[in-house]
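Encoded as C-alpha coordinates, the structure appears first; notes follow it.
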Amino acid sequence: MEIFYLNLFFAVFFISIIVHKHRSKFKHPNLPPGSSGLPYIGETLELLLTGCKGHPQKFFLDRKAKYASEVFKTNLFCQPAAVLCGAAGNKFLFSNENKVLKAWYPDFVCKIFPSSVQRSLIEQVDRLRTLLPEFLRPDALKRYVGIFDTVAGRHFASEWENKEVVVVFPLAKSFTFGLACSLFLSIEDPDHIAKLASPFNLVVSGIFSIPIDLPGTPLNRAIKAANFIRTELFAIIKQRKKDLAEGKASPKQDILSHMLLACDEKGAFMSELSIADTILALLASAHESTSAACAFIVKYLAELPHIYEGVYKEQMEISETKAPGDELLNWNDIQKMRYSWNVIREVLRLCPTFPNVREAIHGFDFNGFSIPKGWKVRALWLLI
(Lines give C-alpha, C1' and ligand atoms only; values in the text may rest on other atoms or scores of the structure.)
Protein backbone atom coordinates (compact mmCIF):
# COMPACT_ATOMS: atom_id res chain seq x y z
CA MET A 1 0.00 0.00 0.00
CA GLU A 2 2.83 2.38 0.85
CA ILE A 3 4.40 1.74 -2.56
CA PHE A 4 1.05 2.50 -4.22
CA TYR A 5 0.75 5.88 -2.49
CA LEU A 6 4.40 6.63 -3.18
CA ASN A 7 3.88 5.93 -6.89
CA LEU A 8 0.69 7.98 -6.86
CA PHE A 9 2.54 10.88 -5.24
CA PHE A 10 5.30 10.83 -7.83
CA ALA A 11 2.75 10.57 -10.66
CA VAL A 12 0.84 13.61 -9.40
CA PHE A 13 4.13 15.46 -8.87
CA PHE A 14 5.25 14.59 -12.40
CA ILE A 15 1.96 15.77 -13.95
CA SER A 16 2.06 18.99 -11.95
CA ILE A 17 5.56 19.73 -13.27
CA ILE A 18 4.46 19.15 -16.87
CA VAL A 19 1.40 21.37 -16.47
CA HIS A 20 3.47 24.04 -14.73
CA LYS A 21 6.13 24.06 -17.47
CA HIS A 22 3.43 24.09 -20.13
CA ARG A 23 1.59 27.02 -18.58
CA SER A 24 4.80 28.90 -17.89
CA LYS A 25 5.33 29.19 -21.64
CA PHE A 26 2.21 31.33 -21.76
CA LYS A 27 2.86 33.42 -18.64
CA HIS A 28 3.52 36.78 -20.21
CA PRO A 29 1.74 40.11 -19.89
CA ASN A 30 -0.86 41.00 -22.48
CA LEU A 31 -0.74 37.81 -24.55
CA PRO A 32 -3.21 37.44 -27.43
CA PRO A 33 -6.49 35.65 -26.66
CA GLY A 34 -6.49 31.91 -27.20
CA SER A 35 -5.87 28.57 -25.57
CA SER A 36 -2.69 26.65 -24.75
CA GLY A 37 -4.61 23.35 -25.01
CA LEU A 38 -3.40 20.18 -23.34
CA PRO A 39 -0.03 19.91 -21.60
CA TYR A 40 2.85 19.41 -24.01
CA ILE A 41 0.82 18.63 -27.16
CA GLY A 42 -1.33 21.75 -26.97
CA GLU A 43 -4.06 21.85 -29.61
CA THR A 44 -2.18 19.65 -32.08
CA LEU A 45 -4.71 16.79 -31.98
CA GLU A 46 -7.57 19.17 -32.86
CA LEU A 47 -5.60 20.52 -35.81
CA LEU A 48 -4.82 17.02 -37.06
CA LEU A 49 -8.44 15.95 -36.62
CA THR A 50 -9.76 18.79 -38.79
CA GLY A 51 -7.00 17.99 -41.30
CA CYS A 52 -8.07 14.34 -41.47
CA LYS A 53 -11.59 15.53 -42.27
CA GLY A 54 -10.23 17.56 -45.18
CA HIS A 55 -10.66 21.00 -43.60
CA PRO A 56 -7.43 21.98 -41.79
CA GLN A 57 -8.27 25.66 -42.22
CA LYS A 58 -11.35 25.19 -40.02
CA PHE A 59 -9.10 24.92 -36.96
CA PHE A 60 -7.83 28.45 -37.55
CA LEU A 61 -11.08 29.96 -38.82
CA ASP A 62 -12.99 28.75 -35.76
CA ARG A 63 -10.49 30.35 -33.39
CA LYS A 64 -10.39 33.55 -35.37
CA ALA A 65 -14.17 33.80 -35.05
CA LYS A 66 -14.21 32.69 -31.40
CA TYR A 67 -11.70 35.25 -30.17
CA ALA A 68 -12.74 38.00 -32.62
CA SER A 69 -9.15 39.12 -32.87
CA GLU A 70 -6.60 39.74 -35.60
CA VAL A 71 -4.16 37.60 -33.64
CA PHE A 72 -4.66 34.61 -31.34
CA LYS A 73 -2.42 32.21 -29.47
CA THR A 74 -2.30 28.43 -29.59
CA ASN A 75 0.14 25.56 -29.06
CA LEU A 76 0.92 23.32 -32.03
CA PHE A 77 3.42 20.48 -32.23
CA CYS A 78 4.75 21.29 -28.76
CA GLN A 79 5.43 24.93 -29.65
CA PRO A 80 3.56 28.03 -28.34
CA ALA A 81 2.47 30.03 -31.35
CA ALA A 82 0.76 33.22 -32.43
CA VAL A 83 -1.44 33.19 -35.53
CA LEU A 84 -1.68 36.51 -37.38
CA CYS A 85 -4.89 37.05 -39.34
CA GLY A 86 -5.68 39.06 -42.43
CA ALA A 87 -3.64 41.22 -44.77
CA ALA A 88 -1.94 43.10 -41.93
CA GLY A 89 -0.68 39.82 -40.48
CA ASN A 90 0.69 38.72 -43.84
CA LYS A 91 2.42 42.04 -44.39
CA PHE A 92 4.00 41.91 -40.94
CA LEU A 93 5.17 38.33 -41.43
CA PHE A 94 6.92 38.96 -44.74
CA SER A 95 8.22 42.49 -44.10
CA ASN A 96 10.06 41.58 -40.90
CA GLU A 97 12.19 38.68 -42.13
CA ASN A 98 15.48 38.56 -40.15
CA LYS A 99 14.42 41.71 -38.29
CA VAL A 100 11.78 40.58 -35.83
CA LEU A 101 11.19 37.09 -37.23
CA LYS A 102 13.40 34.36 -38.65
CA ALA A 103 12.77 31.12 -40.51
CA TRP A 104 12.15 28.13 -38.27
CA TYR A 105 12.33 24.37 -38.71
CA PRO A 106 11.43 21.74 -36.08
CA ASP A 107 14.43 20.21 -34.28
CA PHE A 108 13.34 16.70 -35.17
CA VAL A 109 13.90 17.49 -38.87
CA CYS A 110 17.58 16.80 -38.11
CA LYS A 111 16.65 13.12 -37.84
CA ILE A 112 15.43 13.20 -41.43
CA PHE A 113 18.27 15.40 -42.71
CA PRO A 114 21.40 14.38 -40.73
CA SER A 115 23.65 16.99 -42.32
CA SER A 116 21.60 19.67 -40.56
CA VAL A 117 23.18 18.47 -37.29
CA GLN A 118 26.50 19.95 -38.42
CA ARG A 119 24.96 22.93 -40.21
CA SER A 120 21.48 24.29 -39.52
CA LEU A 121 18.91 24.12 -42.30
CA ILE A 122 18.84 27.90 -42.46
CA GLU A 123 22.63 28.02 -42.91
CA GLN A 124 22.35 25.37 -45.61
CA VAL A 125 19.74 27.40 -47.48
CA ASP A 126 21.94 30.51 -47.33
CA ARG A 127 24.95 28.51 -48.56
CA LEU A 128 22.87 27.01 -51.35
CA ARG A 129 21.90 30.48 -52.54
CA THR A 130 25.59 31.38 -52.70
CA LEU A 131 26.68 28.20 -54.47
CA LEU A 132 23.85 27.94 -56.96
CA PRO A 133 22.92 31.45 -58.11
CA GLU A 134 22.58 30.48 -61.77
CA PHE A 135 20.04 27.79 -60.88
CA LEU A 136 18.05 29.70 -58.25
CA ARG A 137 17.70 33.13 -59.87
CA PRO A 138 14.28 33.81 -61.43
CA ASP A 139 15.87 34.52 -64.82
CA ALA A 140 17.36 31.01 -64.78
CA LEU A 141 13.88 29.75 -65.63
CA LYS A 142 14.41 31.04 -69.16
CA ARG A 143 16.62 28.05 -69.91
CA TYR A 144 14.09 25.57 -68.60
CA VAL A 145 10.93 26.62 -70.45
CA GLY A 146 11.49 24.07 -73.23
CA ILE A 147 12.09 21.30 -70.68
CA PHE A 148 8.90 22.26 -68.83
CA ASP A 149 6.93 22.13 -72.07
CA THR A 150 8.39 18.77 -73.11
CA VAL A 151 7.77 17.09 -69.74
CA ALA A 152 4.27 18.60 -69.47
CA GLY A 153 3.29 17.42 -72.94
CA ARG A 154 4.52 13.90 -72.24
CA HIS A 155 2.75 13.82 -68.88
CA PHE A 156 -0.63 15.02 -70.16
CA ALA A 157 -0.51 12.66 -73.13
CA SER A 158 0.03 9.63 -70.90
CA GLU A 159 -1.96 10.54 -67.77
CA TRP A 160 -4.78 12.95 -68.71
CA GLU A 161 -5.85 12.45 -72.31
CA ASN A 162 -8.76 10.10 -73.03
CA LYS A 163 -9.46 9.61 -69.32
CA GLU A 164 -13.05 9.81 -68.07
CA VAL A 165 -11.90 10.74 -64.56
CA VAL A 166 -8.62 12.21 -63.36
CA VAL A 167 -7.61 12.72 -59.73
CA VAL A 168 -5.70 15.98 -59.99
CA PHE A 169 -3.51 16.15 -56.89
CA PRO A 170 -1.76 12.76 -57.28
CA LEU A 171 -1.21 13.46 -60.98
CA ALA A 172 0.15 16.93 -60.20
CA LYS A 173 2.55 15.38 -57.69
CA SER A 174 3.69 12.88 -60.32
CA PHE A 175 4.24 15.67 -62.84
CA THR A 176 6.16 18.08 -60.60
CA PHE A 177 8.29 15.35 -59.06
CA GLY A 178 9.26 14.01 -62.46
CA LEU A 179 10.11 17.53 -63.60
CA ALA A 180 12.24 18.09 -60.49
CA CYS A 181 14.11 14.82 -61.06
CA SER A 182 14.86 15.94 -64.59
CA LEU A 183 16.09 19.40 -63.60
CA PHE A 184 17.99 18.45 -60.45
CA LEU A 185 19.37 15.02 -61.35
CA SER A 186 18.82 14.54 -65.11
CA ILE A 187 16.72 11.45 -64.36
CA GLU A 188 14.28 10.74 -67.17
CA ASP A 189 13.50 7.03 -66.64
CA PRO A 190 9.86 6.76 -65.42
CA ASP A 191 10.63 3.60 -63.43
CA HIS A 192 13.51 5.27 -61.61
CA ILE A 193 11.35 8.33 -60.85
CA ALA A 194 8.55 6.11 -59.51
CA LYS A 195 11.04 4.29 -57.30
CA LEU A 196 11.97 7.60 -55.65
CA ALA A 197 8.50 9.18 -55.61
CA SER A 198 6.81 6.74 -53.25
CA PRO A 199 9.29 7.20 -50.36
CA PHE A 200 9.08 10.96 -50.78
CA ASN A 201 5.43 10.86 -49.73
CA LEU A 202 6.59 9.34 -46.45
CA VAL A 203 9.35 11.93 -46.01
CA VAL A 204 6.99 14.87 -46.47
CA SER A 205 4.38 13.31 -44.18
CA GLY A 206 7.03 12.88 -41.49
CA ILE A 207 8.17 16.48 -41.68
CA PHE A 208 4.64 17.66 -40.85
CA SER A 209 3.80 15.22 -38.06
CA ILE A 210 3.91 14.86 -34.30
CA PRO A 211 7.63 14.47 -33.42
CA ILE A 212 7.46 10.96 -31.96
CA ASP A 213 10.12 8.57 -33.27
CA LEU A 214 8.62 5.16 -32.52
CA PRO A 215 8.12 2.21 -34.90
CA GLY A 216 5.15 2.85 -37.16
CA THR A 217 4.89 6.61 -36.52
CA PRO A 218 5.04 9.04 -39.48
CA LEU A 219 8.37 10.41 -38.27
CA ASN A 220 9.90 6.95 -37.99
CA ARG A 221 8.67 6.02 -41.47
CA ALA A 222 10.03 9.30 -42.82
CA ILE A 223 13.49 8.60 -41.37
CA LYS A 224 13.56 5.14 -42.97
CA ALA A 225 12.32 6.52 -46.30
CA ALA A 226 14.92 9.29 -46.22
CA ASN A 227 17.66 6.74 -45.58
CA PHE A 228 16.47 4.72 -48.59
CA ILE A 229 16.44 7.76 -50.86
CA ARG A 230 19.80 8.92 -49.55
CA THR A 231 21.32 5.56 -50.50
CA GLU A 232 19.94 6.00 -54.01
CA LEU A 233 21.34 9.52 -54.19
CA PHE A 234 24.78 8.39 -53.03
CA ALA A 235 24.86 5.96 -55.96
CA ILE A 236 23.80 8.72 -58.36
CA ILE A 237 26.44 11.07 -56.93
CA LYS A 238 29.16 8.43 -57.29
CA GLN A 239 28.24 7.79 -60.92
CA ARG A 240 28.05 11.51 -61.68
CA LYS A 241 31.53 12.10 -60.25
CA LYS A 242 32.83 9.40 -62.56
CA ASP A 243 31.01 10.84 -65.57
CA LEU A 244 32.30 14.35 -64.86
CA ALA A 245 35.87 13.07 -64.58
CA GLU A 246 35.54 11.22 -67.90
CA GLY A 247 33.82 14.11 -69.67
CA LYS A 248 30.56 12.19 -70.07
CA ALA A 249 28.57 14.76 -68.06
CA SER A 250 28.39 18.53 -68.32
CA PRO A 251 29.28 20.74 -65.33
CA LYS A 252 26.14 22.79 -66.02
CA GLN A 253 23.67 20.10 -66.98
CA ASP A 254 21.81 20.17 -63.63
CA ILE A 255 22.01 21.16 -59.97
CA LEU A 256 23.81 17.96 -59.00
CA SER A 257 26.76 18.64 -61.32
CA HIS A 258 27.01 22.20 -60.12
CA MET A 259 26.99 21.21 -56.45
CA LEU A 260 29.73 18.66 -57.02
CA LEU A 261 32.01 21.25 -58.61
CA ALA A 262 31.15 24.42 -56.68
CA CYS A 263 33.03 25.52 -53.57
CA ASP A 264 32.40 28.24 -51.02
CA GLU A 265 34.51 31.32 -50.28
CA LYS A 266 36.93 29.17 -48.25
CA GLY A 267 37.45 26.72 -51.11
CA ALA A 268 35.49 23.96 -49.38
CA PHE A 269 33.33 21.58 -51.41
CA MET A 270 30.03 20.21 -50.21
CA SER A 271 30.17 16.74 -48.68
CA GLU A 272 28.24 13.92 -50.30
CA LEU A 273 25.91 13.81 -47.29
CA SER A 274 25.23 17.52 -47.55
CA ILE A 275 24.60 17.24 -51.29
CA ALA A 276 22.27 14.27 -50.80
CA ASP A 277 20.30 16.04 -48.06
CA THR A 278 20.10 19.25 -50.07
CA ILE A 279 18.73 17.45 -53.11
CA LEU A 280 16.40 15.46 -50.86
CA ALA A 281 15.02 18.71 -49.44
CA LEU A 282 14.69 20.29 -52.90
CA LEU A 283 12.91 17.25 -54.29
CA ALA A 284 10.60 17.00 -51.29
CA SER A 285 9.69 20.65 -51.69
CA ALA A 286 8.95 20.24 -55.39
CA HIS A 287 7.02 17.06 -54.66
CA GLU A 288 4.54 18.74 -52.34
CA SER A 289 4.28 22.52 -52.60
CA THR A 290 4.41 22.92 -56.39
CA SER A 291 1.96 20.08 -56.95
CA ALA A 292 -0.42 21.59 -54.40
CA ALA A 293 -0.28 24.89 -56.31
CA CYS A 294 -1.11 23.08 -59.58
CA ALA A 295 -4.03 21.29 -57.94
CA PHE A 296 -5.46 24.53 -56.52
CA ILE A 297 -5.18 26.20 -59.93
CA VAL A 298 -7.21 23.39 -61.52
CA LYS A 299 -9.74 23.61 -58.68
CA TYR A 300 -10.40 27.31 -59.17
CA LEU A 301 -10.48 27.06 -62.96
CA ALA A 302 -13.13 24.34 -62.63
CA GLU A 303 -15.18 26.40 -60.18
CA LEU A 304 -14.92 29.69 -62.09
CA PRO A 305 -15.78 29.10 -65.78
CA HIS A 306 -15.32 32.77 -66.74
CA ILE A 307 -11.77 32.69 -65.39
CA TYR A 308 -11.12 29.45 -67.24
CA GLU A 309 -12.34 31.04 -70.49
CA GLY A 310 -9.94 33.95 -70.02
CA VAL A 311 -7.00 31.61 -69.49
CA TYR A 312 -8.05 29.39 -72.39
CA LYS A 313 -8.37 32.37 -74.76
CA GLU A 314 -4.91 33.66 -73.87
CA GLN A 315 -3.30 30.24 -74.26
CA MET A 316 -4.96 29.67 -77.64
CA GLU A 317 -3.72 33.04 -78.89
CA ILE A 318 -0.16 32.05 -78.01
CA SER A 319 -0.60 28.58 -79.50
CA GLU A 320 -1.70 30.07 -82.83
CA THR A 321 1.60 31.93 -83.12
CA LYS A 322 3.60 28.70 -82.93
CA ALA A 323 4.73 26.84 -86.02
CA PRO A 324 2.82 23.66 -86.85
CA GLY A 325 4.31 20.55 -85.28
CA ASP A 326 6.32 20.31 -82.11
CA GLU A 327 7.61 23.85 -81.62
CA LEU A 328 8.12 24.35 -77.88
CA LEU A 329 7.19 27.32 -75.75
CA ASN A 330 9.90 29.90 -75.10
CA TRP A 331 10.49 32.73 -72.66
CA ASN A 332 8.77 35.29 -74.92
CA ASP A 333 5.64 33.14 -74.88
CA ILE A 334 5.68 33.05 -71.08
CA GLN A 335 5.89 36.85 -70.94
CA LYS A 336 2.69 37.05 -72.99
CA MET A 337 0.75 35.04 -70.39
CA ARG A 338 -0.21 38.04 -68.29
CA TYR A 339 -3.77 37.00 -67.56
CA SER A 340 -2.70 33.44 -66.71
CA TRP A 341 0.08 34.78 -64.47
CA ASN A 342 -2.38 36.97 -62.56
CA VAL A 343 -4.68 33.99 -62.06
CA ILE A 344 -1.81 31.95 -60.64
CA ARG A 345 -0.78 34.78 -58.31
CA GLU A 346 -4.33 35.09 -57.01
CA VAL A 347 -4.56 31.35 -56.38
CA LEU A 348 -1.28 31.42 -54.46
CA ARG A 349 -2.51 34.42 -52.48
CA LEU A 350 -5.64 32.56 -51.44
CA CYS A 351 -3.97 29.19 -50.93
CA PRO A 352 -0.24 29.40 -50.19
CA THR A 353 1.16 25.91 -50.55
CA PHE A 354 3.77 25.88 -47.79
CA PRO A 355 3.11 26.61 -44.10
CA ASN A 356 5.54 29.47 -43.54
CA VAL A 357 6.40 29.37 -39.85
CA ARG A 358 8.64 31.99 -38.29
CA GLU A 359 10.22 32.34 -34.86
CA ALA A 360 10.27 35.59 -32.89
CA ILE A 361 13.88 36.79 -32.61
CA HIS A 362 12.79 38.99 -29.74
CA GLY A 363 9.51 40.00 -28.16
CA PHE A 364 7.30 42.32 -30.19
CA ASP A 365 3.80 43.81 -30.23
CA PHE A 366 1.16 43.16 -32.86
CA ASN A 367 -2.30 44.68 -32.87
CA GLY A 368 -1.95 45.67 -29.22
CA PHE A 369 -0.79 42.25 -27.96
CA SER A 370 2.66 41.00 -26.92
CA ILE A 371 4.36 38.10 -28.70
CA PRO A 372 7.24 36.69 -26.56
CA LYS A 373 10.69 35.85 -27.85
CA GLY A 374 10.95 32.29 -29.18
CA TRP A 375 7.25 31.93 -30.03
CA LYS A 376 6.38 30.54 -33.43
CA VAL A 377 4.45 32.89 -35.71
CA ARG A 378 2.28 31.95 -38.65
CA ALA A 379 -0.33 33.73 -40.76
CA LEU A 380 -3.95 32.80 -41.42
CA TRP A 381 -3.90 33.00 -45.21
CA LEU A 382 -7.57 32.46 -46.00
CA LEU A 383 -8.65 35.70 -44.38
CA ILE A 384 -6.52 38.01 -46.49
Side-chain angles (χ1 to χ4, degrees), residues 105 109-116 121 124-125 128 132 135-136 144 147-148 150-160 167-209 217-244 248-250 253-260 270-295 353-354:
Y105 300 93
V109 171
C110 294
K111 294 186 176 182
I112 301 176
F113 303 96
S115 65
S116 59
L121 286 177
Q124 290 189 58
V125 170
L128 191 62
L132 306 176
F135 286 98
L136 299 181
Y144 306 140
I147 298 176
F148 292 161
T150 300
V151 175
R154 189 166 58 228
H155 170 77
F156 279 94
S158 62
E159 303 293 343
W160 292 65
V167 184
V168 175
F169 188 44
L171 290 177
K173 290 171 73 173
S174 173
F175 166 62
T176 56
F177 186 70
L179 184 59
C181 285
S182 176
L183 293 176
F184 300 161
L185 299 168
S186 297
I187 296 177
E188 305 288 346
D189 180 16
D191 293 334
H192 197 176
I193 293 174
K195 182 180 180 181
L196 295 173
S198 181
F200 266 104
N201 284 317
L202 298 177
V203 171
V204 175
S205 296
I207 293 174
F208 303 105
S209 67
T217 62
L219 176 57
N220 185 262
R221 291 197 295 266
I223 294 171
K224 292 180 179 179
N227 289 336
F228 170 81
I229 298 169
R230 198 173 291 109
T231 300
E232 292 289 315
L233 291 176
F234 284 149
I236 294 172
I237 291 170
K238 182 179 180 180
Q239 182 61 46
R240 181 60 61 83
K241 283 183 174 181
K242 180 180 178 182
D243 291 344
L244 286 170
K248 297 179 180 179
S250 167
Q253 75 179 53
D254 55 28
I255 285 181
L256 175 58
S257 285
H258 193 82
M259 281 196 289
L260 285 170
M270 295 179 69
S271 67
E272 290 190 5
L273 176 60
S274 183
I275 291 175
D277 276 355
T278 300
I279 292 200
L280 178 59
L282 289 172
L283 286 173
S285 176
H287 194 215
E288 198 69 17
S289 59
T290 310
S291 54
C294 292
T353 58
F354 199 83

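Remark: Asp243 CG to Ser250 OG distance equals 11.5 Å, nearest 0.5 Å. Atom CG of Leu202 sits about 11.0 Å away from atom CZ of Phe228, to the nearest 0.5 Å. One finds the CE atom of Met259 at 8.0 Å from the OG atom of Ser274 (value rounded to the nearest 0.5 Å). The distance from atom CG of Leu280 to atom CG of Leu273, rounded to the nearest 0.5 Å, is 10.5 Å. Interatomic distance, OG of Ser182 versus CD1 of Ile187, reported as 9.5 Å (0.5 Å rounding). With values rounded to the nearest 0.5 angstrom, Ile279 atom CD1 is found 4.5 Å from Leu185 atom CG.
Put simply, the side chain of Ser174 never gets that close to the backbone of Pro170: no donor and acceptor are under 3.5 Å apart. Side-chain atoms of Thr231 come within 3.5 Å of backbone atoms of Asn227 as a donor-acceptor pair (strictly under, hydrogens ignored). A distance-only check finds a donor-acceptor pair linking the side chain of Asp254 to the backbone of Ser257 [under 3.5 Å]. Thr176 places a side-chain N or O within 3.5 Å of a backbone atom of Ala172 that can act as its donor or acceptor partner.
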| request: Decide side chain to side chain contact (heavy atoms under 4.5 Å, CB included) for Leu219 and Ile112; before the verdict, give the C-alpha distance in whole Å, the side-chain angles of both, and the deciding distance to 0.1 Å. | output: CA-CA 8 Å; Leu219 176 57; Ile112 301 176; 3.9 Å; yes
| What do the steps show when you test Ile223 against Val203 for side chain to side chain contact (heavy atoms under 4.5 Å, CB included), and what is the final call? | CA-CA 7 Å; Ile223 294 171; Val203 171; over 6 Å; no
| field | Pair Leu256-Leu233, side chain to side chain contact (heavy atoms under 4.5 Å, CB included): steps then yes or no | value | CA-CA 10 Å; Leu256 175 58; Leu233 291 176; over 6 Å; no
| task | Go through the steps for Phe148 and Leu179 under the test side chain to side chain contact (heavy atoms under 4.5 Å, CB included), then give the verdict. | result | CA-CA 7 Å; Phe148 292 161; Leu179 184 59; 3.5 Å; yes
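Between Glu188 and Arg154, at least one side-chain N (NZ, or NE/NH1/NH2) sits under 4.0 Å from a carboxylate O, which counts as a salt bridge.
Ring geometry for Phe175 versus His155: interplanar angle of 30 to 60°, hence tilted.
Considering Arg240, Lys241, Arg230, Lys238 in turn, Lys241 is the only one that fulfils the salt bridge (charged side-chain N to carboxylate O under 4.0 Å, His left out) rule with Glu272.
In this structure the side chain of Ser291 never reaches within 4.5 angstrom of the side chain of Phe177, judged on heavy atoms. Between Trp160 and Val168, some side-chain heavy-atom pair lies under the 4.5 Å cut-off. The shortest distance between side-chain heavy atoms of Asp277 and Met270 does not fall below 4.5 Å. The shortest side-chain heavy-atom distance between Ile255 and Leu183 does not fall under the 4.5 Å cut-off.
Under the salt bridge (charged side-chain N to carboxylate O under 4.0 Å, His left out) criterion, Lys195 pairs with Glu232, sequence neighbours left out.
Across all their heavy atoms, Ala225 and Pro199 have their closest contact at CB-O, 3.5 Å. Among all heavy-atom pairs drawn from Ala222 and Gly206, the shortest one is CB-CA, 3.5 Å.
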